[in-house]
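Worksheet: one structure, shown below.
The chain is numbered in sequence order, starting from 1.
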Amino acid sequence: MNVRTAARYSLGGIRLVNGVAALLAPQVVARRLGADPGQPALVHVLRMFGVRTTIIGAELLLLKDVRALDRALRLAPVVHASDALSAACAWRSGTLPGRAGLTATAISTVNVALTLMAQPPGRLLFRCRTREGAHHA
């Protein structure tokens, strides 16, 4: 198994575990985040996160169609970078206190690294145009 495939499967596994946990045991996830598990709105949001995260994880593990997998890998850096930024902001503001904020930020940052490692060779994630119109990475 090459590094890209291992990164994709690792990311898919992390997503599947976190997604299923949030979907089936949102109160446990809330406690681990340092939040009040008795808040119905939080339980609802965690379940929504769980559905999204489970689907993303399952796609990375199960997709066989090359075009569908390419699309999932192309979107992954945006999803995971926004998760990492959100976790870091919540940690900094104290919304996710102490260890919970650090853990959420670390997991999301690892997910970003895995998405970048899983990209096909030669894929430019960002394109910049010079004034002459040429593309540069």
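Val79 places a side-chain heavy atom less than 4.5 Å from the side chain of Arg52.
Remark: side-chain polar atoms of Ser86 are not paired, donor with acceptor, to backbone N or O of Ser82 under 3.5 angstrom. A donor-acceptor pair under 3.5 Å is formed between the side chain of Trp91 and the backbone N or O of Gly98. Between the side chain of Arg15 and the backbone N or O of Thr53 there is no donor-acceptor pair closer than 3.5 Å.
Here the straight-line distance linking atom CG of Leu60 with atom OG1 of Thr5 works out to 11.5 Å at 0.5 Å rounding. Here the straight-line distance linking atom CD1 of Ile55 with atom CG of Leu16 works out to 11.0 Å at 0.5 Å rounding. Distance CG/Leu61 to CD1/Ile56: 12.0 Å, rounded to 0.5 Å.
Contact record, Met117 with Ala7: CB-CB, 3.7 Å, taken as the closest heavy-atom pair. Of all the heavy atoms in Phe49 and Ala22, the pair that sits closest is CD2-CB, 3.9 Å. Smallest separation of non-hydrogen atoms from Leu63 and Ala72: CD1-CB, 4.1 Å. The heavy-atom pair separating Leu114 from Ile14 by the smallest distance is CD1-CD1, 3.8 Å. Nearest heavy atom pair, residue Leu24 against residue Pro26, reads C-CD, 3.4 Å.
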Solution key, residues 28-47 side-chain donor-acceptor pairs under 3.5 Å, sequence neighbours excluded:
unit_1 : atom_1 : unit_2 : atom_2 : d
Asp36  : OD1    : Gly38  : N      : 2.9
Arg47  : NE     : Leu23  : O      : 3.3

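Pairs engaging residues 98-120 under the salt bridge (Lys or Arg N to Asp or Glu O under 4.0 Å) rule: none recorded [sequence neighbours left out].
Both Met1 and Leu62 are part of a single hydrophobic cluster, where members link through side-chain heavy atoms under 4.5 Å apart.
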Side chain to side chain contact (heavy atoms under 4.5 Å, CB included) evaluation trace for Thr115 with Leu73: CA-CA 7 Å; Thr115 65; Leu73 289 171; over 6 Å; no
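The local environment of CZ in Arg92 is sparse, with at most 12 non-hydrogen atoms from other residues, nucleotides or ligands closer than 6.0 Å.
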